[in-house]
Amino acid sequence: MPFPAHIARVLDAYGIAADTKVALYDLYLSLGEEVLQVFADLAESAASTDVLRPEDTATIRARVVERYLRRNHPLWMAGKPTASLWHPREAEGRASGAAIPLGTLLPLSAVKAAGEGQLPDGLLMLGRNAHYGGRGETISFDVVARDLGDAIAIAHAEGQQHTLPGSVGETSGTFDSVRNVALLWEVQPNVYKPTGERNRPINKLYRKHRNWHLATLAAALEWLGQQRDCAIYVLRGEALSIAHEVNPAKPVSDTIVQLYERTLRQVAEASGRELRETDDGDGLTLLDSCVMNHALRKHVLQHGVQAVIWRIA
């Protein structure tokens, strides 16, 4: 799909190569107009704009992320919501989701699951339509580092970085507010665990935030259960590959499945909830909503819901 006409005219006037525009457009869809502002700075420093290549856009995301945090982190600390970093792709770069501060106090169930003094010291955030990839109706829960410098360091670390920058990891799902149904489909790190030289600069920060998974899942269950009183479903560990495995070269490992299931059970128990078997009625509820992606919906239609999704009760 092309850029909006007024943007395309500027890029053409500067002689930006076609393949460079493709790379730039993909960033624009995900991160919005700030991509173009950073690219303009990049173009000004180039000897000639017509020699800019797709690889020259590689630094844009990192620059956008840092600018985003410097602008919005102080607002979050003051309790003010902002636009999200990631944009819904159907908005074609023109609109963002929302990043909403929920406070600095984490749920008591998270404290119970992790132990006193073992949770990240940060700001609990809710993302609405703020997940990388632009899927609609998403919700995500992050604990962003309280210190701006720490948040920037985490945001620049190697990893998936799928939700809000400054967060070591997140719990994400889909919330159908019309039918009052939610499906949590991942508890995933935003950054890789430091090993050797990989992410060595955030080694101490990572240890401080090591229980991000307990904090974010507990926050998700509290927000959905107590504040929205909706039907809550969660993907089972053995179904992670159905919903997420898009690259056969990087399969969902048994270790990931085991850690994910352990997190589900640990937080469910700490919050006084149960992971219950689903039935055909639950399957109809889920199929009637928008909470499943295409691969998961196809599987449920063919094989039923019982082996792939729990209900939280």
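Since this is a predicted model, take the numbers as computed values, not measurements. Quick note: residue numbers are just sequence positions, from 1.
Note on Glu66 versus Arg70: salt bridge recorded, some NZ/NE/NH1/NH2 to OD/OE distance being below 4.0 Å. Salt bridge status for Arg63 with Asp41: absent, with no side-chain N to carboxylate O gap under 4.0 Å. By the 4.0 Å N-to-carboxylate-O rule, Asp26 lies too far from Lys21 to be salt-bridged with it. Salt-bridge formation is not detected for the pair Glu274/Arg265: no Lys NZ or Arg NE/NH1/NH2 atom is positioned less than 4.0 Å from an Asp or Glu carboxylate oxygen.
Pairing each heavy atom of Ala130 with each of Ala98, the nearest pair is CB-O, 3.9 Å. Residues Arg236 and Glu261 approach most closely at C-OE2, 3.6 Å, considering heavy atoms. Nearest heavy atoms, Leu69 versus Pro165: CD2-O, 3.5 Å. Of all heavy-atom pairs between Ala155 and Gly166, the closest is CB-N, 3.8 Å. The minimum heavy-atom distance between Ala243 and Leu235, with the atom names listed, is CB-CD2, 3.7 Å. Here the shortest heavy-atom pairing between Asp176 and Cys290 reads OD2-N, 3.2 Å.
Counting only heavy atoms from C-beta outward, the side chains of Val234 and Tyr260 approach each other to under 4.5 Å. The side-chain heavy atoms of Val308 and His299, taken from C-beta on, include a pair separated by under 4.5 Å. The shortest side-chain heavy-atom distance between Tyr68 and Leu164 falls under the 4.5 Å cut-off. Inter-residue side-chain proximity for Phe175 and Glu137 is flagged as unmet; no heavy-atom pair is nearer than 4.5 Å.
Summarising the local packing, OH of Tyr132 is surrounded by 12 or fewer heavy atoms from other residues, nucleotides or ligands at distances under 6.0 Å. At most 12 heavy atoms of other shown residues, nucleotides or ligands fall within 6.0 angstrom of atom CG in Asp280. For Leu108, the CG atom is loosely surrounded, since the number of other residues' heavy atoms within 6.0 Å does not exceed 12. Crowding of Arg200 atom CZ: a count of heavy atoms from other residues, nucleotides or ligands under 6.0 Å not exceeding 12. The local environment of CD in Glu55 is crowded, with over 12 non-hydrogen atoms from other residues, nucleotides or ligands closer than 6.0 Å. Gln37 CD: more than 12 foreign heavy atoms inside a 6.0 Å radius.
Scanning for side-chain contact (heavy atoms from CB on, under 4.5 Å) contacts around Asp147 gives Asp150, with sequence neighbours left out. Applying the side-chain contact (heavy atoms from CB on, under 4.5 Å) test to Pro74 and every residue at least two apart in sequence or in another chain returns nothing.
For His162 and Glu170, the side-chain atoms include no donor-acceptor pair closer than 3.5 Å. Side chain to side chain, Thr82 and Trp76 meet the donor-acceptor criterion of an N or O pair below 3.5 Å. When only modelled atom types and interatomic distance are considered, Arg210 and Gln118 share a side-chain donor-acceptor pair under 3.5 Å. Residues Thr163 and Trp86 have side chains that never bring a donor and an acceptor to within less than 3.5 angstrom of each other. Remark: the His131 side chain and the Glu186 side chain contain an N/O donor-acceptor pair separated by less than 3.5 Å.
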- request: May I have the step-by-step check of salt bridge (Lys or Arg N to Asp or Glu O under 4.0 Å) for Asp282 and Arg276, ending in yes or no?
  value: CA-CA 11 Å; Asp282 293 309; Arg276 292 187 180 176; over 6 Å; no

message: Please determine whether salt bridge (Lys or Arg N to Asp or Glu O under 4.0 Å) holds for the pair Glu34 and Arg71, giving the CA-CA distance in whole Å, both sets of side-chain angles, and the decisive distance to 0.1 Å.
response: CA-CA 12 Å; Glu34 192 150 11; Arg71 182 173 65 251; 2.9 Å; yes

Salt bridge (Lys or Arg N to Asp or Glu O under 4.0 Å) between Arg179 and Asp288, worked out: CA-CA 9 Å; Arg179 296 169 179 81; Asp288 191 45; 3.4 Å; yes

query: Which is it for Arg273 and Glu222 under the salt bridge (Lys or Arg N to Asp or Glu O under 4.0 Å) test, yes or no, and what are the steps along the way?
result: CA-CA 11 Å; Arg273 294 178 170 89; Glu222 180 178 85; over 6 Å; no

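The backbone N or O of Ile256 sits less than 3.5 Å from a side-chain atom of Ser253, completing a donor-acceptor pair. In this structure, Arg198 contributes its side chain and Glu158 its backbone to no donor-acceptor pair below 3.5 Å. Panel note: side chain Thr278, backbone Ile309; a donor-acceptor pair is recorded below 3.5 Å. The backbone N or O of Ala268 lies less than 3.5 Å from a partner atom in the side chain of Ser271, making a donor-acceptor pair. In this structure, the side chain of Ser172 does not engage the main chain of Ser140 through any donor-acceptor pair within 3.5 Å. In terms of modelled atom types and a separation under 3.5 Å, the side chain of Asn211 and the main chain of Leu214 share no donor-acceptor contact. A donor-acceptor contact shorter than 3.5 Å is absent between the side chain of Asn190 and the backbone of Val168. Side chain of Gln161 to backbone of Ala157: a donor-acceptor contact under 3.5 angstrom is found.
Both Leu296 and Leu287 sit in one connected hydrophobic cluster of ILVMFWY residues. Membership requires side-chain heavy atoms under 4.5 Å apart, directly or through other members.
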